[in-house]
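We count ligands from 1, going down the list as the structure has it; atoms in each ligand are counted the same way. Both backbone and side-chain heavy atoms feed into the values below; hydrogens, waters and symmetry mates do not.
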Amino acid sequence: MPVLVITGTGTEVGKTVVTAAVAATALAAGRSVAVLKAAQTGVGPDEPGDAAEVARLAGPVTTAEPARYPEPLAPATAARRAGRAPVHPHEVAEAAAKLATEHDLVLVEGAGGLLVRFDAAGGTLADAAGLLSAPVLVVAPAGLGTLNSTELTARELRSRGLDLAGIVIGSWPAAPDLAARCNLADLPEVAAAPLLGAVPAGSGALSPTAFRSSAPHWLAPPLDGGWDAEAFRVREAPPAS
Ligand SMILES: Nc1ncnc2c1ncn2[C@@H]1O[C@H](COP(=O)(O)OP(=O)(O)OP(=O)(O)O)[C@@H](O)[C@H]1O
Ligand SMILES: C[C@H](N)[C@H](N)CCCCCC(=O)O
Ligand SMILES: [Mg+2]
């Protein structure tokens, strides 16, 4: 069951653009792809959510969005304020496991960072990744401040026994400053995981055609065009649904 959970050091770090780059690369390698936005907040009923943005940029992927709440907040807070049922981690895991029976790769994008709460019990994307035993990709900013938040995220994943697949920089500036340049060596060091790519700043504004042809060049193995589905295979059986 090939599932890759995509989290970040926080919100607005480029998770959706990185998810689109991984999806486009997998599609270019001839794989079928599903994108599950675990919980979408801050988007109105008729607006495109993150999964739709991935499809726009990457191409024909199956999209899934178990729940959407209008206010731009953590899912647990947005659900509570909307008077609606929250999304529980086991529901995210079950949805991903089902999609994985029908696709070569399932990408699960969280909302904000790893420990953002989905429900009132404190369930998070980390819990969903644990239920799936799926590897987790961490999207990080390029510049000053990223070392601390990336190491905290990596430590939390390890403390839960989760597999940190690697780091991808969500928005690599055209003119990287000293901190960004140093971070190319320091990010994999503090995360104790490989740097698996960097998506150039502004890539989300490329035409879909340009995005799809460029995306494989932004990513390193096993995310690049060489494609190794085994890298995303979960370690254990999925939860019963
Ligand atoms: N490489 C990039 N190219 C163009 N725009 C980018 C890039 N990375 C990030 N952005 C922009 O920065 C903002 C945040 O990116 P994105 O929506 O991918 O964040 P996110 O980490 O997915 O946040 P969320 O927690 O809301 O899912 C968006 O406005 C997006 O257009
Ligand atoms: C609305 C936003 N774009 C995301 N969907 C949700 C981000 C929640 C972040 C909560 C937090 O860490 O403080
Ligand atoms: Mg997003």
Every pair of nitrogen or oxygen atoms between ligand 2 and the protein that is under 3.5 angstrom apart - can you list them with their distances to 0.1 Å?
residue	atom	partner	partner atom	Å
ligand 2	3 (N)	Thr11	OG1	3.4
ligand 2	5 (N)	Thr41	OG1	3.0

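- Electrostatic pairing of Glu94 and Lys98 does not count as a salt bridge here, judged by no charged N lying under 4.0 Å from a carboxylate O.
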Contacts under 3.5 angstrom, residues 213-223 side chains, donor-acceptor by atom type, not counting sequence neighbours:
residue	atom	partner	partner atom	Å
Ser213	OG	Thr209	O	3.3
Ser213	OG	Ala210	O	3.1
Ser214	OG	Ala210	O	2.9

Do any side-chain atoms of residues 183-195 form donor-acceptor pairs under 3.5 angstrom with protein atoms, and if so which ones, sequence neighbours left out?
residue	atom	partner	partner atom	Å
Asn183	ND2	Ala142	O	2.8
Asn183	ND2	Gly143	O	3.2
Asn183	ND2	Ala179	O	3.2

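- Not one N or O on the side chain of Thr9 forms a donor-acceptor pair closer than 3.5 Å with the backbone of Thr150.
- Glu109 has its closest N, O or S atom to the Mg ion (ligand 3) at the position named OE2.
- Across all their heavy atoms, Leu105 and Leu107 have their closest contact at CD2-CD2, 3.7 Å.
- The Mg ion (ligand 3) lies at 2.8 Å or more from every N, O or S atom belonging to Thr19.
- Put simply, Asp50 gets within reach of the Mg ion (ligand 3), with an N, O or S atom under 2.8 Å from it.
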- request: Evaluate the side chain to side chain contact (heavy atoms under 4.5 Å, CB included) criterion for residues Leu36 and Leu99: first the C-alpha distance (whole Å), next the side-chain angles of each, then the deciding distance (0.1 Å), finally the verdict.
  value: CA-CA 9 Å; Leu36 171 66; Leu99 288 166; 4.2 Å; yes
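- By the 4.0 Å N-to-carboxylate-O rule, Glu65 lies too far from Lys37 to be salt-bridged with it.
- Around ligand 1, the residues contributing at least one heavy atom under 4.0 Å from the ligand are Thr11, Glu12, Val13, Gly14, Lys15, Thr16, Val17, Lys37, Asp50, Glu109, Gly112, Gly170, Ser171, Val199, Pro200, Ala201, Gly202, Ser203, Gly204.
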task: Step by step, work out the side chain to side chain contact (heavy atoms under 4.5 Å, CB included) result for Val33 and Val54.
output: CA-CA 11 Å; Val33 179; Val54 172; over 6 Å; no
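- In the model, Glu71 has no side-chain atom that pairs as donor or acceptor with a side-chain atom of Thr41 under 3.5 Å.
- Considering all non-hydrogen atoms of both residues, Lys15 and Thr7 come closest at CD-C, 3.5 Å.
- With salt bridges taken as basic N to acidic carboxylate O contacts below 4.0 Å, one links Arg160 and Asp127.
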